[in-house]
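Naming convention: chains lettered A, B, ... in sequence-line order (proteins, then strands); numbering from 1 in each chain.
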Number of protein chains: 2
Amino acid sequence: MEEDLFKALADPTRRLILDELTERDGQSLFEVCARLATRHGLAVSRQAVSQHLAVLEAAGLVTARREGRYKFHDLDTRPLEHIVRRWLTPAPPEDTP
Amino acid sequence: MEEDLFKALADPTRRLILDELTERDGQSLFEVCARLATRHGLAVSRQAVSQHLAVLEAAGLVTARREGRYKFHDLDTRPLEHIVRRWLTPAPPEDTP
DNA sequence: ACGATAGGCAAGCCGTCACTTGCCTATCAA
DNA sequence: TTGATAGGCAAGTGACGGCTTGCCTATCGT
């Protein structure tokens, strides 16, 4: 699980998606696509973004809720706090698989 | 540069190295190897650890100083604070002062 | 019912990454 | 000086990750 977190953060496009969700929660897949294109000049396909969102979801950084034919994505920054506790505070290290 | 930071954190062995340096700063390459083996049961070759340390150094997470034939590695967690400020600081409304 | 919209699934391609292998330099101890 | 120690460099390999391609299901508007 913690492994998924760092893998998720390793891709620059995924980090931009986190930025977009930080600014506006509850975006759909196409909204994320559009904002990546217009605000960052990224030509990312729908499938690519879909897979990125799946990775972010597996990492616990994004929660998704279905409403009709739409799927809205919300940001959850709580997993990031694990990073802080691991190295930024005088705390015992955690284990990674 | 920020790209290097996330790449460096993406590998579990490198995160363990950070853990070891958190516990004891100024370790040499062979010391890191030994501690990874004895404390985490990892059979990592010297060259592998050497490359990991180079990646951590490129990310700014580790600074190295040469003394004779030894090279000691020190941890620098400051780049990590940069990560946290990106998504964690515009935090959800919390009443705790 | 029909077409359009929103999204999912799976195979394949290609680049990157972690690791090995082999050989090299530099420092210290005898 | 010789041998042992500490580390570096570079090419090659295997696996994984990001992206595409093609086709699929589900929901909504008309």
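- Protein atom CD of A:Gln51 is 10 Å distant from nucleotide atom C1' of C:dG8, rounded to whole Å.
- Atom CZ in B:Phe72 sits about 8 Å away from atom P in D:dG7, given to the nearest Å.
- C:dA18 atom C1' lies 14 Å from atom CZ of B:Arg15, rounded to whole Å.
- Among D:dT20, D:dG8, D:dA4, the nucleotide with an atom closest to any side-chain atom of B:Leu29 is D:dG8.
- Summarising the geometry, the separation between OH on A:Tyr70 and C1' on D:dC28 is reported as 8 Å, rounded to the nearest angstrom.
- Ion pairing between A:Glu81 and A:Arg85 holds under the 4.0 Å rule for side-chain N and carboxylate O.
- Taking the ring axis of B:Phe6 as reference, the NZ or CZ atom of A:Arg15 stays within 45° of it and closer than 6.0 Å to the ring centre.
- Of the candidate nucleotides D:dA6, C:dT20, D:dC19, D:dC19 has the atom lying nearest to any side-chain atom of A:His52.
- Remark: C1' of D:dA26 and CZ of A:Phe30 are 14 Å apart, rounded to the nearest angstrom.
- Looking at A:Glu67, its side chain has no donor and acceptor atom pair within 3.5 Å of the base of D:dT27.
- A donor-acceptor contact under 3.5 angstrom links the side-chain atoms of B:Arg46 to the base of D:dG8.
- Taking atom CD of residue B:Gln47 and atom P of nucleotide D:dT13, one finds them 18 Å apart after rounding to whole Å.
- Atom pair B:Glu57:CD and D:dC9:C1' shows a separation of 15 Å (rounding to whole Å applied).
- The side chain of B:Lys71 contributes no N or O atom lying less than 4.0 Å from OP1 or OP2 of D:dA6.
- Applying the 4.0 Å criterion to OP1 and OP2 of D:dA6, one finds that B:Arg66 has every side-chain N and O outside that range.
- The residue among A:Ala10 and A:Gly68 whose nearest nucleotide of DNA chain D is located toward the 5' end is A:Ala10.
- For the pair A:Ser28 and C:dA6, the criterion of a side-chain N or O lying under 4.0 Å from OP1 or OP2 is not met.
- A salt bridge links B:Asp19 with A:Arg86: the distance from a Lys NZ or Arg NE/NH1/NH2 to an Asp or Glu carboxylate oxygen falls below 4.0 Å.
- When rounded to the nearest whole Å, the span between CG of A:Leu53 and P of C:dA6 equals 15 Å.
- With the nearest nucleotide of DNA chain D identified for both A:Ala48 and A:Arg69, A:Ala48 has the one nearer the 5' end.
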